[in-house]
Amino acid sequence: MEEALREAAKAAVEGEVPVGAVIVSQGRIIARAHNLTEKLRDVTAHAEMLALTAASDYLNSKYLENCTLYVSLEPCVMCAGALHHAHVERIVWAANDEKRGFGRFGRELLHPKTQVEKGLMAEESSAMLKKFFNERR
């Protein structure tokens with residue numbers, strides 16, 4: 001999760017909402033990304049989506065069955081759908097997203113075999129998000 005938070009910090013420096021993600025396979029980081037929606041002018045350029053693409057390229061597979069996604073904020077519905085289709089084995093997030101997190105709509109959005117863990121380094125992630133939004137108000 002520390003690496004995902006490092007990615008989130010990069011996003012904040014670039015004026016992006018500070019969300020970062022890494023994907024791990026066999027104990028090794030195979031993809032890392034942070035939000036780039038502003039820079040790319042692309043509403044789908046969430047950290048999770050970019051990390052999924054990078055991991056798929058690395059593994060030369062659309063399925064990430066033996067992979068874990070670490071992300072600093074609970075994935076949105078769009079990202080949950082992509083994670084479902086990628087068959088990600090495990091998702092670990094730091095801070096819950098009370099407004100836009102997929103959890104508001106149900107666990108069924110994820111693949112049935114996907115394991116979920118939440119709250120890892122939640123305080124650090126929440127603090128980064130609060131600071132980012134307070135500076136913009």
Quick check on the hydrophobic clustering: are Phe133 and Val19 connected, directly or via other members, by side-chain heavy-atom contacts under 4.5 Å? yes
How far apart are the closest heavy atoms of Met121 and Leu5, and which atoms are they? CE-CD1, 3.5 Å
What one should report as the nearest heavy-atom pair of Ile29 and Glu3 is CD1-CG, 3.6 Å
Could you see if Met49 belongs to whatever hydrophobic cluster contains Leu40? Use Ile, Leu, Val, Met, Phe, Trp, Tyr and a side-chain cutoff under 4.5 Å. no
Asn35 side chain to Pro18 backbone, donor-acceptor under 3.5 Å: no
Within-4.5 Å side-chain heavy-atom neighbours: Val22 and Thr68: no
Is the backbone of His87 close enough, under 3.5 Å, to the side chain of Glu65 for a donor and an acceptor to pair up by distance? no
With the 4.5 Å side-chain cut-off for hydrophobic clustering, are Met128 and Tyr70 part of the same group? yes
His85 NE2 to Leu64 CG distance, which is reported to the nearest 0.5 Å: 13.0 Å
Within the structure provided, determine whether Leu69 and Ile23 are in side-chain contact (heavy-atom separation under 4.5 Å). yes
Once you measure the plane-to-plane angle for His111 and His84, does it fall in the parallel (<30°), tilted (30-60°) or perpendicular (>60°) bin? tilted
Going through the checks in order, is the side chain to side chain contact (heavy atoms under 4.5 Å, CB included) test met by Tyr58 and Arg28? CA-CA 12 Å; Tyr58 180 87; Arg28 181 174 165 190; 3.5 Å; yes
Extract all donor-acceptor atom pairs below 3.5 Å that involve side chains of residues 75-82 and protein atoms in other chains or at least two apart in sequence.
none

What are the two closest heavy atoms between Ala8 and Ser72, and how far apart are they? CB-OG, 3.8 Å
Identified side chain to side chain donor-acceptor pair (under 3.5 Å) counterpart of His34 within the set Glu16, Glu14, Lys10: Glu14
Does the side chain of Arg136 reach to within under 4.5 Å of the side chain of Phe132, using non-hydrogen atoms? yes
Do Lys118 and Asn96 have side chains that approach each other closer than 4.5 Å (heavy atoms only, starting at C-beta)? yes
With Cys67 as reference, evaluate Leu52, Val24, Ile30 under the side-chain contact (heavy atoms from CB on, under 4.5 Å) test and give the passing residue. Ile30
Quick one, Phe102 and Glu108 - any side-chain contact, counting heavy atoms below 4.5 Å? no
Would you say Val88 and Leu120 are hydrophobically clustered, going by side-chain heavy atoms of ILVMFWY under 4.5 Å? no
Between the side chain of Thr37 and the main-chain N/O of Asp42, is any donor-acceptor distance below 3.5 Å? no
How long is the straight-line distance from CD1 of Ile91 back to CD of Glu117, given to the nearest 0.5 Å? 11.5 Å
Find the distance between CD (Glu89) and CD (Gln115) and round it off to the nearest 0.5 Å. 5.5 Å
Looking only at heavy atoms, which two atoms of Ala31 and Ala55 are closest? And how far apart? CB-N, 3.5 Å
Just checking Gln26: does its CD atom have more than 12 heavy atoms from other residues, nucleotides or ligands closer to it than 6.0 angstrom? no
In terms of hydrophobic clustering (I, L, V, M, F, W, Y; side-chain heavy atoms under 4.5 Å; direct or indirect links), are Leu110 and Trp93 co-clustered? yes
Hey, could you give me the NZ/CD distance between Lys99 and Glu74, rounded to the nearest 0.5 Å? 14.0 Å
Output for pair (Leu59 CG, Asn66 CG), nearest 0.5 Å, gives 9.0 Å
